[in-house]
Amino acid sequence: MQTKIHYHPGDSALIEAVSVLRAGGLVAFPTETVYGLGANGLDREAAKKVYAAKGRPSDNPLILHLYSPEQAERYAYTCPLYYKLALAFMPGPLTVILKKKPIVPNEVTGGLQTVALRVPSHPVARALLEKCDFPVAAPSANISGKPSPTTVGHVIDDMDGKIDMILDGGECSVGVESTIVMIDGDDLSLLRPGAVTPEMLAPFAARVLIDPSLERPLAGNEKPLAPGMKYKHYAPRADVRLLKGDEERVASYMMRYKRCPYVGLMTDEAHYHALRSKRTVCYGKDAKDEAHSLFACLRAFDGMPKVGTVYAPLPSKDGIGLAVYNRLAKAAGFTVIDVTGFAER
Ligand code: AMP
Ligand code: MG
């Protein structure tokens with residue numbers, strides 16, 4: 001299949017994209033979190049094409065993208081807490097899980113009786129959704145298991161020849177996927193951490209409960225609340241290992257591998273100068289910056305054919321740091337090396 005790419009899409013490209021979607025085709029588009037792989041969310045055949053293009057397991061449901069929070073009424077049973085969250089965080093990087101209405105096909109929800117809804121804020125996503133008289137079901141536009149795409153180049157790498165159209169919208173500003181919450185009475189359960197942090201959600205709920213799958217590997221009989229969180233994710237080809245210990249100890253541990261052709265290093269701005277090499281990637285000065293460039297950094301190691309292991313500091317779990325921690329821990333299969341006892345030779 002020939003994939004049409006629209007750089008800087010204007011009105012006519014967006015109108016074309018809507019007709020592709022309406023006809024059951026697939027269009028990748030930018031959002032403020034990551035690029036999405038869009039399909040008509042009421043068309044079960046189009047949803048099946050999304051799973052096929054990504055190689056995504058069919059029990060991993062898709063998020064419906066809407067132009068405005070009120071459109072949720074057509075697809076789900078809403079509640080006052082949904083509207084409080086909508087007022088505070090939509091449009092923006094928050095996904096809310098609600099009980100679904102029958103109009104939403106089971107193929108979209110992976111057979112669940114709930115549906116995930118989100119109102120993105122990226123101008124291209126908004127311009128596209130405004131023109132759609134249907135919700136757009138869109139998972140991240142990557143091959144399943146690979147880091148999510150945050151530039152049009154990443155989407156082209158994974159989806160060229162497999163989908164009808166790609167809309168460019170520059171680099172995604174947030175860089176990690178949306179925060180996902182489920183409403184349970186007055187409580188909120190956090191199913192996936194993102195730019196809307198537990199601290200930001202706390203004023204709206206009696207309790208913000210953190211799904212254990214976000215912070216540790218699950219035992220064989222445990223299931224995460226978001227089916228997608230059970231799969232290995234975000235991983236580059238190399239094995240990722242997280243280093244736990246104080247900053248200087250971690251940096252001196254990494255220093256040993258600076259000249260090793262088989263090891264890649266991920267570091268913050270403060271230590272980049274000392275650790276700089278062809279295989280060292282700097283992912284920012286603070287947690288927000290790290291979230292923004294995390295997936296591009298992980299993808300960069302795939303361009304270093306000899307690198308078989310990547311070392312990165314264990315991120316802090318404060319604020320958006322929890323989202324960075326969760327993605328990196330999953331990329332590393334939760335493998336953490338404690339370097340506290342490491343002594344410089
Ligand atoms: P992606 O769009 O690739 O970022 O993945 C969507 C994420 O949302 C996956 O982790 C899904 O498991 C999760 N998700 C979507 N719908 C639901 C739902 N109804 N209940 C729980 N999790 C959901
Ligand atoms: Mg994804």
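Order of appearance sets the numbers: ligands from 1, and atoms from 1 within every ligand.
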Show me the side-chain donor-acceptor pairs of residues 305-317 shorter than 3.5 Å, one per line, residues at least two apart or across chains.
{"unit_1": "Ser316", "atom_1": "OG", "unit_2": "Asp318", "atom_2": "N", "d": "3.2"}
{"unit_1": "Lys317", "atom_1": "NZ", "unit_2": "Glu215", "atom_2": "OE2", "d": "3.1"}

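Within the coordination shell of the Mg ion (ligand 2), defined by N, O or S atoms under 2.8 Å, Asn142 is absent.
Counting atoms of ligand 1 from 1 in the listed order, those under 4.0 Å from a heavy atom of Ser140 are 1 (P), 2 (O), 3 (O). Contact atoms of ligand 1 toward Pro227: 12 (O), 21 (C), 22 (N) (distance under 4.0 Å to a heavy atom of the residue). Set against the non-hydrogen atoms of Ala138, the atoms of ligand 1 under 4.0 Å away are 2 (O). Atoms of ligand 1 lying under 4.0 Å from any heavy atom of Thr114, numbered from 1 in the order shown and given with element: 18 (C), 19 (N), 20 (N). Remark: ligand 1 atoms within the under-4.0 Å shell around heavy atoms of Ile180 are 7 (C), 8 (O), 13 (C). Close contacts of ligand 1 with Leu112, meaning ligand atoms under 4.0 Å from a residue heavy atom, involve 18 (C), 19 (N), 20 (N). Counting atoms of ligand 1 from 1 in the listed order, those under 4.0 Å from a heavy atom of Pro139 are 1 (P), 2 (O), 3 (O).
Nearest-residue assignment for atom 17 (C) of ligand 1 (options Pro61, Ala141, Ala76, Ser178; heavy-atom criterion): Pro61. With Lys100, Arg192, Lys99 as candidates, the residue nearest to atom 1 (P) of ligand 1 on a non-hydrogen basis is Arg192.
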Evaluation steps, salt bridge (charged side-chain N to carboxylate O under 4.0 Å, His left out), between Asp164 and Lys49: CA-CA 11 Å; Asp164 300 279; Lys49 287 189 201 167; 5.5 Å; no
Stepwise salt bridge (charged side-chain N to carboxylate O under 4.0 Å, His left out) test for Lys285 and Glu269: CA-CA 5 Å; Lys285 60 180 182 311; Glu269 216 166 80; 5.8 Å; no
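Checked by atom type, the side-chain pair Asp268/His271 shows a donor-acceptor distance below 3.5 Å.
With salt bridges taken as basic N to acidic carboxylate O contacts below 4.0 Å, one links Arg22 and Asp133.
In this structure, Lys100 forms no cation-pi arrangement with Tyr75, as its terminal cationic atom is not both closer than 6.0 Å to the ring centre and no more than 45° off the ring axis.
Judged by distance alone, with hydrogens and angles left aside, the side-chain atoms of Tyr67 form no donor-acceptor pair with the main-chain N or O of Lys131 at under 3.5 Å. Using modelled atom types, no side-chain atom of Glu73 and backbone atom of Glu70 make a donor-acceptor pair closer than 3.5 Å.
Under 4.0 Å from ligand 1, not a single heavy atom of His65 appears. Only the backbone of Leu225 comes within 4.0 Å of ligand 1, counting heavy atoms alone; no side-chain atom from C-beta on gets that close. Of the heavy atoms in Ile97, only side-chain atoms (C-beta onward) come closer than 4.0 Å to ligand 1. Of all the heavy atoms of Asn60, the ones lying under 4.0 Å from any atom of ligand 1 belong exclusively to the side chain.
Shown here are the ring-ring contact (aromatic ring centres under 6.0 Å, His included) partners of Phe301, two or more places apart in sequence or in another chain: there are none.
Under the 4.0 angstrom criterion for non-hydrogen atoms, Thr109 is not in contact with ligand 1. Within the structure, the closest approach of Pro224 to ligand 1 does not fall below 4.0 Å when heavy atoms are considered.
More than 12 heavy atoms of other residues, nucleotides or ligands sit less than 6.0 Å from atom CG of Asp246.
Residue-to-ligand polar distances keep Lys54 apart from ligand 1: every N/O pair is separated by 3.5 Å or more.
For the pair Asn142/Phe295, no side-chain contact is recorded, criterion being any heavy-atom separation below 4.5 Å from C-beta on.
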